[in-house]
Structure formats: C-alpha cells, structure tokens
Amino acid sequence: MSIKKKLPIIFTLLVLCILIAHSSLHYMRSKEKLIEFNEREIELITQEISYQVENAKKGALYVEDLMGKELRTASIVIRDSLPANYEEVTNEQLVDLAQELMISHITLLAETEDDIIGVKSSDPEQIGLSTNQWLFWYDAFKQLFALEPVTVEEGLALPEYWTGPIEISSSNPEHTDKWGYYYDGSTNYIINPYHRDHVALEYEEKFGPGPIMDRFKDKLDGILELTVFNPEKFGKEVDELYLEGNNFIRIVDQPIWYGTYQYENKSVDVGFVQAAMETRESQNYIEEVNGKFVSKTFVPVHTETEDPFVIGVTYDHGLFQQILKKELWQHILLSLPFLLVVLLTSFIFSRSITKPIDHIVEKVNEIAQGNFGKNIDLKRKDELGHLAQNVNALSSSLKSYVCDLKKSQEVIEFQANHDPLTGLFNRRFFQEELAQRIEMAKEKGGTVAVLFIDIDRFKDVNDTLGHAHGDQLIQLISARIKDTLTVGNSILTRQGGDEFVVLLSELEKEEVLEVADAIVKAINELIW
C-alpha cells in the first residue's frame, strides 16, 4: 500500500480512537453532572415546597383565627336579629340573614336530654344533625351551654364563643367548613355561623404549596409528580369517622396532605417514607410504576413547631436516559465534521505539490472566506478528483447550512416575541409595547388601556380533559378574542397559562368598555 493511502488511513484511525475515547469520557462526565444537577434541582424543589408548607400552615392558622373572630361578630349580629327561642325562628330567616351577612350558612343548635342537635338551619342537611359523637366538638358545646370557658385544645376560645378548626363537614363530606359557635345564655340555642369550601380554604388555595407544586410540574421537564406525605398515617390504617351516615377522614388524619399520588407504589413507598423519617436523610429508588420507568425521592422535613412531613418527588428516569443518549449522539455527530477535515487534510498532505492541488487549495480558501456554492472544475478519476468532489460537497453543505441558519435565526426572532401555542405576542413584547405607548401617550396626550383576561376554572379543564384539550381551548379563545379587536390600534398578547392581555390606544373609556363587552360576549359564545 502506498504512503499516499497509508497516511490518510493512519490519521483517520488515530483521530477516530481519540474521538471514541473523548466521547466516552464526555458521556461519563455528562452523566455525573446530570445526576448532580438532578439532585440540586430536587433539593431546591423540596426546600421551596417545605417552606411553602410551613408558611401555609402558620398563615392558615392566623387566617383561621381571623375568620373565627369575624364569625363571632356575625354571631352577635345574628343574636340581635333573631328571637330568643328557636321555635320562633324559621329556616327562611336564616337563609336571608346568611346572605345579608355574607356567610355560607347559619345553624341553630339546641340541647336535648342526651344530645345537642341542629334544630334550625339555612342548610337543610344540618337540620336534625346529632353532635354527641363529635369528639371534642361536643365537649365544647357542653361547656358553652354551661356558660363555662371552653377548654378544648383545638380551635380558638373567646368569651361565650368557640370556633373549631377547618374540617370536613360530617353532614356532607363533599364540603369543608370553618365554624363558629356562640352562646351567652340569652337564647335557648347555640348560634353556629360558618364559611364553606372556597371561602374557608381561600388562603390555602392562594398561598399554600399547591400552586407552586403545580408550577414545578408544568415548568420543569421530568417532574412527574410532587407529593407531601403524612408519615404518621401513610400506609397505616386510617381512623375513619362514621357520622350522619357518612364516612370521611379528618383533614389531620389524611395520608396525603398536598399534591397527588397517581404513581402509586404504596408497598414500597411506605418503607422509604418511614426510613426517611427515621434516618432524617433523603431516600430514593428507581422502579417501573404505571408503565413508566421513574425515580422516586423522599425528603424528610422536621420542624420544631409543626408536625413532620415527607416530600416525595417522582422523576421521569426514562427522560434522564434520553438526555444522556441525545447528548452522546450530538457529541458524536459534532465530531464527524472534525474527522472529515482530518481525512481531507491527510489526503492533501500525502500528495506532492502540484498544480491541481494549488487549484484545490485556492478553491478551499474561497470557501473558508464564505464564498460558498462554488465548485472545482477538475475532471479526474483519481484521488484528486475524489478530493475535489468532497470539497464541492462541503461547499454546497455549507451554503445550505448558512441558508438554514438564517431561517433558524428568523424563527428564533419570531419566537422571542410570540407565544408558541397561539402565535400571539408574548409577555416580553407586551411589556416593550406598553412602555412605548405610555411614553407616546405622555408626549401627545393620548390614552392607553389594558384589559386583563383569564379563564375561570381552566385548571379543571386540564385536570379532567387533559392538557391537549386545554391547549385547544386556549387557541379557540385567543382566536375569538382576536376577531373582536378591530379598533383602537389593539394588540392581543398571551401572558402565559390561561391569561391574556389586550393593549388599546386612542380610545375613550366607553369605547374600551364596548371592546371588553365584545370580548366577554365572544368568549361566552365559545363556552356555551
């Protein structure tokens, strides 16, 4: 074999071995970095969730006390508005009074020989309700009727008043209520006003860990599920109450406090949750659950003032492997051009300096300067001819690459200011445009109007129908809104999720209201 053939082969094999070794080393380093990144990500997520859980519990107790005090004030108003005997009170009066005081319901509790029952109520399910099996609640009622201070540990006791903790309603476990109980001896009944569902849980819904846990799942790739476990009850027999013909579990006894538990693997998870609590260290395992290869991490959280809990992070381990494989292939593909360059260089180096080589070098220099697409007119059937063809192919590929790169840049510029789902302008464009219009309005004395739109209960659509239908709903609503905007130099932008903002200029207030009405009508036509 001639030296001209040996040199290219030797150089190519040498470089190939180097590239294989480098790719293998790069793969191992990438795996280590990815593991470290995943561990840091989980640590940050659990720190944020634990912070939110602790703050939510503290804040919820404070808000509960405020609601309890408000219900006491409402109780006094109710006392002054009703007859002293419950026999003279009608349920309809209680319905009207509850609406007037902006509370969910009012129930009157009267004492019998062996029970305390609901005798009148704006909620039909509370009438005839027995309370003698309500644990510490019944104790508090007895103390109120005896005009004694309430001494139960739970809830908040005030003069002639006690408010219990937020709890599931025994008369209808589909509801969660915040109750107040007032008795000063001037009536033959305990006054029981209470808030229900959203009003009682408003603080936790807004400021609890739920929203941020959902945001982590939506924004971070690979996070399949986040769960806050109650280690005292998870995997153990739960104390289930049976009252008024209904079975339910008290909030404090529920095994899952926050998040979801769809990737259920209880027989294994129980042991890891308990191990995390006992060792005070994170525990994790990798296993196939629900047909998906996942890694589960359990992080214990101990506090001095609150009950301990365990945060569970379910991660898509298959995605972890996909990232590594993708990066490895990218590294290999990026190495191939280098390998090709070495091969071409070895061919050139192995030949004598000839006029055809000078011609090839001249053309290669033109390509290096960015003059792509020019071909070498060298009709030979030997190595020089083959080299000329490779150079021509490289030139064409670079030309195509430059064209593709320009197109990609145009796409990137478009995506920088547009929402990928709806094609509308995004938050970044809106902020820049709003600043410009405000400045222009200040200079010329014009007007700028901003309409904020979000979709009620959009999360329910995603939860029940799936994110694909949620995306279709977003696209349909954005199209409807866009069709209504025909005046006022209007711009429709999507801020993210189910939020839209309309920017209007040079319109009077009445015209802005007309635009808003038109948008609401258009959306209502879509919904109904």
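Just so you know, these numbers use all the heavy atoms, side chains as well, and skip hydrogens, waters and symmetry mates.
In this structure a side-chain-to-backbone donor-acceptor pair under 3.5 Å is missing from Glu154 to Gly164. Side chain of Arg428 to main chain of Asn417: no donor-acceptor pair is present (N/O by atom type, distance under 3.5 Å, no hydrogens or angles). In this structure, Asn172 contributes its side chain and Glu174 its backbone to a donor-acceptor pair below 3.5 Å. Thr163 places no side-chain N or O within 3.5 Å of a backbone atom of Gly68 that could act as its donor or acceptor partner. A distance-only check finds a donor-acceptor pair linking the side chain of Thr493 to the backbone of Val501 [under 3.5 Å]. Put simply, the side chain of Asn284 never gets that close to the backbone of Lys296: no donor and acceptor are under 3.5 Å apart.
Take Lys69 and apply the side-chain contact (heavy atoms from CB on, under 4.5 Å) test, not counting sequence neighbours, and it matches Leu156, Leu158. Partners of Leu434 according to the side-chain contact (heavy atoms from CB on, under 4.5 Å) rule, which considers only residues two or more places apart in sequence or in another chain, are Phe430, Ile438, Val448, Val450, Leu503. Among residues two or more places apart in sequence or in another chain, the side-chain contact (heavy atoms from CB on, under 4.5 Å) test is passed with Ser295 by Ile286, Tyr315, His317. The side-chain contact (heavy atoms from CB on, under 4.5 Å) search around Gln262 returns Glu225, Thr260, not counting sequence neighbours.
Within 6.0 Å of atom CD in Glu432, more than 12 heavy atoms from other residues, nucleotides or ligands are found, so the atom counts as buried in its surroundings. When the shell of 6.0 Å around NZ of Lys482 is examined, it contains 12 or fewer heavy atoms from other residues, nucleotides or ligands. By the 6.0 Å contact criterion, CZ on Phe293 is enclosed, its count of non-hydrogen atoms from other residues, nucleotides or ligands being greater than 12.
The shortest non-hydrogen separation linking Asp269 to Tyr263 is OD2-O, 4.2 Å. Val89 and Gln93 get closest at one heavy-atom pair: CA-OE1, 3.5 Å. Taking both residues in full, the closest heavy atoms of Ile474 and Gly497 are given as CD1-O, 3.5 Å, listed atom of the first, atom of the second, then distance. Across every non-hydrogen atom of Lys178 and Pro165, the tightest pair is NZ-CA, 4.3 Å.
If you take OG on Ser122 and CD1 on Ile103, they are separated by 7.5 Å, rounding to the nearest 0.5 Å. Rounding to the nearest 0.5 Å gives a distance of 9.5 Å between NZ of Lys217 and CG of Leu224. How far CD of Glu125 is from OG of Ser169: 7.5 Å, rounded to the nearest 0.5 Å. Put simply, CD on Glu36 and CD on Glu43 are 12.0 Å apart, with the number rounded to the nearest 0.5 Å. Interatomic distance, Ile127 CD1 to Lys120 NZ, rounded to the nearest 0.5 Å: 7.5 Å. With values rounded to the nearest 0.5 angstrom, Ser121 atom OG is found 8.5 Å from Ile106 atom CD1.
Using a 30° and 60° split on the angle between ring planes, Trp162 and Trp137 fall in the perpendicular class, above 60°. Taking the six-membered ring where tryptophan is involved, the planes of Tyr182 and Tyr161 are tilted, since the angle between them lies from 30° to 60°.
By the 4.5 Å heavy-atom criterion applied to side chains, His175 and Tyr194 are not counted as neighbours.
Between Phe298 and Phe234, a ring centre-to-centre spacing not shorter than 6.0 Å is recorded.
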Name each donor-acceptor pair under 3.5 Å that joins a side chain in residues 452-470 to protein atoms two or more places apart or in another chain, with its distance.
{"residue": "Lys459", "atom": "NZ", "partner": "Asp463", "partner atom": "OD2", "Å": "2.6"}
{"residue": "Thr464", "atom": "OG1", "partner": "Asp460", "partner atom": "O", "Å": "2.6"}
{"residue": "His469", "atom": "ND1", "partner": "Leu465", "partner atom": "O", "Å": "3.1"}

Please set out all donor-acceptor pairs under 3.5 angstrom arising from side-chain atoms of residues 94-101, sequence neighbours excluded.
none

For side-chain hydrogen bond (donor to acceptor under 3.5 Å, both in side chains), just list the numbers for Arg494 and Thr422, CA-CA rounded to whole Å, side-chain angles, deciding distance to a tenth of an Å, and then say yes or no.
CA-CA 8 Å; Arg494 183 186 180 204; Thr422 61; 5.2 Å; no
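When each of Arg196, His105, His195 is tested with Asp177 by the rule side chain to side chain donor-acceptor pair (under 3.5 Å), just one qualifies, namely Arg196.
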